Amino acid sequence: MLEKTGLSRRGFLGASAMTGAALVGATALGSAVMTRESWAAAVEDAQSKIHVGPGELDDYYGFWSGGHQGEVRVMGIPSMRELMRIPVFNVDSATGWGLTNESQHILGDSAKFQNGDCHHPHLSMKDGRYDGKYLFINDKANTRIARIRLDVMKCDKILTVPNVQAVHGLRLQKVPYTKYVFANAEFIIPHPNDGSTFKIDSPDSYTMFNAIDAEKMEMAFQVIVDGNLDNTDADYTGKYVASTCYNSEKAIDLGGMMRNERDWVVVFNIERIEADIKAGKFITLGDSKVPVVDGREGSQLTRYIPVPKNPHGCNSSPDGKYFIAAGKLSPTCSIIAIDKLDDLFDDKFKDPREVIVGEPELGLGPLHTTFDGRGNAYTTLFIDSQVAKWNIDEAVRAYKGEKLNYIKQKLDVHYQPGHNHASLCETRDADGKWLVVLSKFSKDRFLPTGPLHPENDQLIDISGDEMKLVHDGPTFAEPHDCTMIRRDQVRTQKIWSRDDPFFAPTVERAKKDGIKLEADNKVIRDGNKVRVYMTSMAPAYGLTEFTVKQGNEVTVTITNIDQIEDVSHGFVMVNHGVSMEISPQQTSSITFIADKPGVHWYYCSWFCHALHMEMVGRMLVEPA
Ligand code: RUQ
Ligand code: CUA
Ligand code: CA
């Protein structure tokens with residue numbers, strides 16, 4: 001019968017995993033009486049759920065963090081097909097990101113770094129719903145925050161956060177709109193960090209919570225905190241932001257960081273912070289002009305809520321009621337009632353833990369929680385390699401003493417999950433359809449690729465009463481986190497608009513040279529600098545030859561005058577480290593030194609035409 005269904009033994013075994021044989025309480029699949037026919041039927045059912053036929057479109061865009069690979073990836077959900085990659089903190093030779101003048105302008109001073117470590121991609125909102133404008137993501141490695149424009153799916157701003165090291169948790173203000181990007185700096189450093197002291201446990205050593213003006217992409221304020229900061233989330237009133245802290249000990253080693261049975265969740269009162277800054281009650285640090293306020297224990301700007309132990313994920317429920325902090329070294333999650341925070345800030349409680357209304361025990365290594373909009377939460381259990389589905393209301397009632405089993409199901413995932421994310425879960429529109437689980441280990445689930453394994457991003461159908469695993473998706477390092485948006489919530493441009501700010505500095509430069517970018521093919525000589533302007537139209541460049549002198553600094557600026565969707569050109573100068581994308585109606589430029597005399601061919605690198613191979617030209621370099 002196996003042969004009849006065309007399933008190999010491995011496929012047969014895989015099918016059990018695919019359809020969630022590890023359900024609590026045997027489903028048809030998990031039971032011993034399961035026939036081979038019903039296995040096959042279940043496999044077919046799972047496959048049909050994620051099947052997006054040739055030429056058909058996915059229902060959701062997924063934005064995947066590329067981790068320490070430095071980029072953002074665009075996925076289609078439910079097919080889990082990778083649609084696009086958006087280079088951000090990495091250098092990308094296909095698009096020329098990090099090489100072109102336009103990208104270097106956006107990277108600013110940090111263009112000297114060629115690495116990044118993305119963790120948390122989040123989409124801008126208005127009144128708790130996606131507005132389709134921007135995606136923001138952090139770079140832990142070089143303490144940066146980037147913004148991506150969703151209309152062109154390119155990074156348009158990068159900011160280095162001053163006075164701190166390693167931005168980790170990142171979330172956006174949800175209500176009334178994304179005015180601020182909130183970013184946790186993780187590591188405690190001395191202030192000033194100039195070598196005069198190396199002590200971490202002194203009052204002059206601290207880390208800060210950061211708020212960035214989302215539209216201007218400039219620093220808005222910084223808040224000094226006790227301990228350190230890990231993950232964060234904002235509420236649905238616009239008033240509060242909560243962050244987890246795993247190093248309340250201010251320790252510098254592993255043992256020390258695990259000493260306390262409880263660390264804390266820090267809650268920031270955004271209104272009070274804004275009022276203090278308005279009233280001039282702030283300091284500045286070093287040569288930075290960013291207002292800095294002191295939010296350490298005892299401050300009226302923050303509250304410290306003790307929670308067990310080295311907490312990690314921090315997630316607000318889409319009904320606006322709770323912040324949920326995952327315990328990591330404790331098998332619990334701590335549920336904080338947001339409607340009690342006013343009273344906490346007004347000092348109405350003796351013990352800050354009075355705002356905790358539930359502490360469900362879920363399993364080993366709880367890291368992150370997501371939501372289906374039907375009152376259920378889904379928490380990843382790193383050590384157990386499971387996702388626990390639990391009912392929030394029942395967990396709150398159980399905390400008050402009712403005998404209830406708030407855990408609805410545990411599903412094995414493969415293996416060691418970090419983040420999980422359900423469709424639209426961080427907005428009021430949480431729709432409970434799909435759950436993505438980002439598993440850190442794939443072990444034996446794919447063809448072996450040597451010592452370095454891919455991660456495994458699994459897709460789970462959560463539309464019914466039971467979670468059903470429907471897809472394994474290998475990915476390269478390392479999707480820390482992802483987010484999903486319905487396809488109708490995003491409007492992309494088909495071709496570039498000629499007045500796009502993405503290449504405005506280059507247009508400015510051309511104007512000074514008296515160049516009409518859409519028409520001119522000209523060489524401007526300016527001392528040792530040579531600026532070459534040309535158009536491209538499939539399958540030819542406007543200039544097939546230009547001459548420079550050895551040692552000249554050459555800037556090639558190309559304007560793609562094709563108006564046809566999908567006809568992108570490229571420009572590669574052979575043996576010069578020069579490569580870039582020029583999509584329809586885009587202007588791109590790149591600068592290099594012509595250091596070798598002779599003939600140097602250039603060619604188009606994006607397949608654009610039947611005569612794409614013939615789309616070439618020559619740079620003639622005269623000896624110095
Ligand atoms: S953190 S695996 Cu960088 Cu998002 Cu939790
Ligand atoms: Cu132009 Cu290929
Ligand atoms: Ca700790």
Side-chain angles (χ1 to χ4, degrees), residues 65 67-68 117-122 137-141 166-171 183-184 186 226-233 243-264 306-315 325-330 365-370 379-383 416-421 437-441 455 478-483 534-542 558 560-562 564 566-572 580-584 602-617:
S65 150
H68 43 294
D117 185 9
C118 299
H119 287 237
H120 302 112
H122 292 289
I137 191 154
N138 70 304
D139 168 22
K140 177 168 168 176
V167 163
H168 181 233
L170 176 145
R171 284 291 185 137
N184 285 341
E186 187 173 346
D226 276 313
N228 79 340
L229 294 172
D230 192 357
N231 280 293
T232 185
D233 204 354
S243 298
T244 47
C245 158
Y246 63 80
N247 189 10
S248 60
E249 301 89 348
K250 282 182 98 171
I252 50 169
D253 60 343
L254 184 61
M257 290 179 198
M258 297 193 296
R259 202 167 52 233
N260 294 348
E261 275 316 303
R262 282 177 181 159
D263 294 285
W264 50 60
V307 300
K309 175 185 186 176
N310 288 33
H312 183 62
C314 184
N315 299 86
K328 194 165 77 184
L329 295 188
S330 156
L367 287 187
H368 292 278
T369 300
T370 187
T379 301
T380 49
L381 303 172
F382 182 81
I383 296 170
Q416 269 71 41
H419 277 268
N420 62 353
H421 186 101
V437 176
L438 304 175
S439 302
K440 305 285 188 189
F441 290 69
E455 272 83 60
E478 179 200 336
H480 276 260
D481 192 6
C482 66
T483 188
M534 65 175 99
T535 57
S536 66
M537 188 179 209
Y541 293 114
I558 302 181
N560 182 353
I561 56 175
D562 270 307
I564 304 158
D566 209 1
V567 180
S568 295
H569 297 291
F571 177 81
V572 168
M580 64 182 180
E581 160 207 1
I582 320 117
S583 279
Y602 54 88
Y603 68 89
C604 176
S605 50
W606 285 85
F607 212 108
C608 55
H609 192 275
L611 295 170
H612 157 79
M613 292 303 291
E614 288 83 345
M615 188 165 170
V616 293

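Atoms within a ligand are numbered from 1 in the order they appear, just like the ligands themselves. For reference, positions follow the sequence shown, starting with 1. The structure displayed is predicted, hence computed values, not measured ones.
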**OP:** Check T379 against P366 and note the closest heavy-atom contact, atom names and distance.
**Re:** CG2-CB, 3.8 Å
Original post:
Which atoms of ligand 1 sit under 4.0 Å from any heavy atom of H312?
Top reply: 1 (S), 2 (S), 5 (Cu)
Subject >> Closest non-hydrogen atom pair between N560 and S568, with its separation >> reply: ND2-CA, 4.1 Å
Subject >> Under 3.0 Å: N/O/S of Y246 next to the Ca ion (ligand 3) >> reply: yes
Original post:
About how large, to 10 degrees, is the angle OE2 of E249, then the Ca ion (ligand 3), then OD2 of D263?
Top reply: 120°
**OP:** Give a yes or no on whether N260 keeps an N, O or S atom under 3.0 Å from the Ca ion (ligand 3).
**Re:** no
Original post:
How wide is the angle at the Ca ion (ligand 3) between OD1 in N310 and O in M257, to the nearest 10°?
Top reply: 80°
Original post:
Within less than 3.0 Å of the Ca ion (ligand 3), any N, O or S from S248?
Top reply: no
Subject >> Metal site atom 5 (Cu) of ligand 1: N/O/S of H368 inside 2.8 Å >> reply: yes
**OP:** Using a strict 4.0 Å cut-off to heavy atoms of N231, name the atoms of ligand 1 that fall inside it.
**Re:** 1 (S), 4 (Cu)
Original post:
Is there a donor-acceptor contact under 3.5 Å from the side chain of D139 to the main chain of D117?
Top reply: yes
Original post:
So, do H480 and H419 have ring centers that fall under 6.0 Å from each other?
Top reply: no
Subject >> Whether T244 side chain and N231 backbone form a donor-acceptor pair below 3.5 Å >> reply: yes
Subject >> Pick from H168, H480, Q416: the one approaching atom 3 (Cu) of ligand 1 most closely through a non-hydrogen atom >> reply: H168
**OP:** Give the numbers and elements of all ligand 1 atoms closer than 4.0 Å to a heavy atom of H119.
**Re:** 3 (Cu)
Original post:
Would L438 and H421 satisfy side chain to side chain contact (heavy atoms under 4.5 Å, CB included), going step by step from the backbone distance to the final call?
Top reply: CA-CA 8 Å; L438 304 175; H421 186 101; over 6 Å; no
Subject >> Heavy-atom closest contact (Y246 atom, N310 atom, distance) >> reply: O-OD1, 3.4 Å
**OP:** Over all heavy atoms of both residues, which pair between F571 and I558 is shortest? Give the atoms and the distance, please.
**Re:** CD1-CD1, 3.4 Å
Subject >> For atom 4 (Cu) of ligand 1, the closest N/O/S atom belonging to H120 >> reply: NE2
